[in-house]
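As a basis for the values below, the full set of heavy atoms in this structure was taken, side chains included, without hydrogen atoms, waters or symmetry mates. Predicted model, so just to flag it, every value in this text is computed and none were measured. Along the sequence shown, residues are numbered consecutively beginning with 1.
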Amino acid sequence: MANVEHSGRPADAFGQAITGTRLRAARLALWAVAAILAVRQMTVVLSTPSGERLTDLETWVGPHGVLHVNGSIYDSTRFTGTPFGGLVLKPLTRSAQAALGWSWTFGTLLLVVALGLVAARALPQPVGRRTSLLAAPVAISLLMLSLPVRNALWLGQTSIIPVLLVLLGCFAVRGQRASGLCIGLAAALQPTLLLFAPLLWFTGRRRAALTTAGAFAACTALAWAALPHDSYAYWVHHMAGVGLGGKADALGNQSLHGGLLRLGLTGPLEIAVFLVLSAAVAALAMRRAVHYAADGQLLLAVAVTGCAIVAVSPTAWQYQLLWVLLAVVGRVGKRASDRCVWPVAVVLVTTLPAKMMLPNMPALYPLRDNLVLLAALAAATAVPFLSRTSPYYQTPVPTEYAPQVPARFRRVPLVPFLRRVLTRPNLLLELLLIRVVYAAYSQVRLAATGGTISGGRARAEHHGHIVLDIERFLHIDIEHWVNHTVVKIDWLREFFGFYYESFHFVVPLSVLGVLYWRRPVDYRWARASLGFATFLALIGFWLFPLAPPRLMPGLGMIDTVHGVQDFSKPNYGTLTALTNQYAAMPSLHFGWALWCGVIIAVIAPKWWMKALGLLHPFFTVSAIIATGNHWVLDAVGGAAVVTAGFGLSYLFQGPRARVVSTAVAREESVSVRTPARS
């Protein structure tokens with residue numbers, strides 16, 4: 001038995017069985033997530049009152065059904081499809097509106113599932129067993145979360161169908177004629193999809209390219225014969241649909257045409273610039289797409305072409321931007337630690353509103369307003385996707401890990417694979433995650449009172465009286481005395497007001513920046529601790545909305561930072577329109593300051609640096625009490641969540657790698673001094 005156990009074969013089989021079991025469990029869990037997301041999307045749409053959902057679909061409903069049978073399909077400019085699209089929808093005119101809503105939403109979900117399955121099967125080879133098993137539920141989940149799919153479901157649009165037809169033509173159907181027929185039908189619904197015809201031609205599928213052009217011409221001619229007035233309106237009066245669906249300079253139009261209009265270009269100059277840029281983007285994207293198709297990455301080639309179509313279309317509304325999400329299949333970066341930057345960026349751009357991606361600053365409006373367009377342009381023309389012949393395609397440069405520091409407890413770390421990494425994380429990815437996490441943090445703060453400040457005012461003031469009673473019992477209710485004492489000293493009042501407003505973000509970001517540049521291992525440790533602390537604070541904001549002393553009527557506090565408060569108004573105060581003023585317990589103003597002090601005290605090499613770092617939480621706690629923005633117990637809560645944040649970081653990842661830099665430098669110096677032996 002001992003020989004059998006140590007021979008390796010049974011153990012290997014047992015290990016493979018465990019891995020296979022975990023893989024099947026992960027697959028089932030991902031399919032469950034995809035099903036939950038699908039049910040949620042359908043529930044959200046159908047639970048919304050009629051008139052607020054499927055708005056585009058309902059505007060097509062006339063006296064006798066869909067698309068105003070007795071009038072033009074463009075009587076409402078909200079219908080942006082081609083005359084052929086209107087002709088296809090004509091058979092639905094006998095359906096009842098209520099039944100159409102259910103069947104339309106459920107049918108759209110089925111199309112999304114089919115789209116995810118086709119995309120998962122079209123991944124560039126070779127594909128590992130794990131990827132092949134998990135790709136389909138992941139793809140469907142990402143599609144369900146994406147803004148294009150959510151908008152298509154909400155508005156009742158048909159934008160899923162052309163994308164699915166293109167993927168079916170490229171990956172599912174057999175024969176070039178069938179392939180060209182699918183893509184030609186898609187182009188008849190969205191004319192700019194004709195750009196796929198050159199892709200087929202230059203990749204050797206010339207019969208499919210000719211069939212695409214022929215199918216498009218036949219469908220367009222059929223629609224012209226059946227709907228001549230509407231065909232003239234679409235192709236001539238609106239120049240292939242330009243002007244339908246809203247103003248071309250609206251934020252929803254993420255094409256080059258819309259971007260140029262938002263930048264202030266108008267008239268013949270704008271048209272000329274748009275045509276020149278569109279030609280350049282189409283040519284460069286086609287060259288890249290042909291290269292990736294020849295490289296065996298046909299799905300990436302299709303995504304690059306689709307992103308070019310988004311850019312060169314006269315109008316590319318948000319529900320038509322699925323091509324950007326498909327570009328997630330491209331691999332970028334030689335290092336394993338950089339490999340996830342592009343997928344994360346694409347997923348964030350296609351699933352989150354632009355306001356969550358970039359701060360609300362006027363200088364960033366041109367970037368924020370065209371974020372999806374910039375992502376499409378980058379995918380079509382600039383992102384250096386790896387070729388399958390590259391040595392880094394399958395085996396990127398591995399991540400360097402720090403030696404594990406022994407822990408005092410047996411089961412620490414709880415998540416061993418989250419080891420301390422020696423190298424710096426990708427800066428772009430860090431900035432993206434920091435911005436998105438902060439935006440989510442702000443949204444949760446506001447949602448804690450039902451989305452409005454007045455929604456949680458009574459509850460927050462009730463909790464304020466509870467906190468005040470506890471402090472009086474403990475004889476630590478010093479807020480009123482400190483506030484009125486500081487108000488009488490002008491320089492001290494101005495100092496604490498300046499400190500409260502200026503150092504809350506500057507110091508933590510500076511600490512993170514220095515650690516990122518000089519101490520990457522400690523940066524990851526500090527960032528994880530800060531993330532855990534902030535997450536715990538959000539739970540506190542949600543469960544215990546609390547009015548700070550300055551917003552407690554009858555307490556007599558003087559707001560030295562925000563000015564006089566009018567308590568007779570539901571929403572009062574300078575910042576109530578920006579964030580939830582009742583997110584006081586725990587105090588992250590003090591919590592983040594304490595985090596900075598602990599980090600500096602632990603890492604700084606000089607004693608005076610440590611002392612200076614510890615002064616920051618001292619000044620912060622003095623400022624938040626003197627200005628009336630927090631209770632003393634808020635600071636206690638802030639200290640508690642920071643302590644728990646460091647504890648959770650220790651629990652999940654183990655102790656901080658304290659001697660990594662010295663050990664690595666020592667090993668390098670030894671390797672340099674020791675001559676190689678033959």
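- In summary, the side chains of Trp317 and Ser255 do not present any donor paired with an acceptor at a separation below 3.5 Å, with no hydrogens or angles considered.
- Ring-centre distance between Phe532 and Phe646: not below the 6.0 Å cut-off.
- Taking the centre of each ring, Phe535 and Trp542 stay at or above the 6.0 Å mark.
- Environment of CZ in Arg150: crowded, with over 12 heavy atoms of neighbouring residues, nucleotides or ligands closer than 6.0 Å.
- When each of Ile36, Leu30, Leu37 is paired with Ser141, the side chain to side chain contact (heavy atoms under 4.5 Å, CB included) condition holds for Leu37 and for no other.
- Nearest heavy atom pair, residue Ala327 against residue Trp342, reads O-NE1, 2.9 Å.
- Put simply, the side chain of Gln297 gets close to the backbone of Leu386: a donor and an acceptor are under 3.5 Å apart.
- Of the listed residues (Leu165, Val163, Val166), just one forms a side chain to side chain contact (heavy atoms under 4.5 Å, CB included) with Leu193, and that residue is Val166.
- Aromatic ring pairs are classed by plane angle as parallel below 30°, tilted from 30° to 60° and perpendicular above 60°; the pair Phe385 and Tyr292 is perpendicular.
- Thr350 is not listed as a side-chain neighbour of Leu142, based on a closest heavy-atom distance of 4.5 Å or more.
- Ser179 contributes a side-chain N or O that, together with a main-chain N or O of Gly169, makes up a donor-acceptor pair within less than 3.5 Å.
- Rounding to the nearest 0.5 Å gives a distance of 11.5 Å between CG of Leu123 and CG of Leu298.
- Heavy atoms only, all atoms of each residue included: Met585 and Leu546 are closest at CB-CD2, 3.6 Å.
- Trp154 CH2 to Thr105 OG1: the interatomic distance, rounded to the nearest 0.5 Å, is 10.5 Å.
- Under the 3.5 Å distance criterion, the side-chain polar atoms of Thr305 are matched with a main-chain donor or acceptor of Ala301.
- With no hydrogens or angles considered, a side-chain donor-acceptor pair links Ser313 and Thr192 at under 3.5 Å.
- Atom CZ of Phe106 sits about 10.5 Å away from atom CG of Leu111, to the nearest 0.5 Å.
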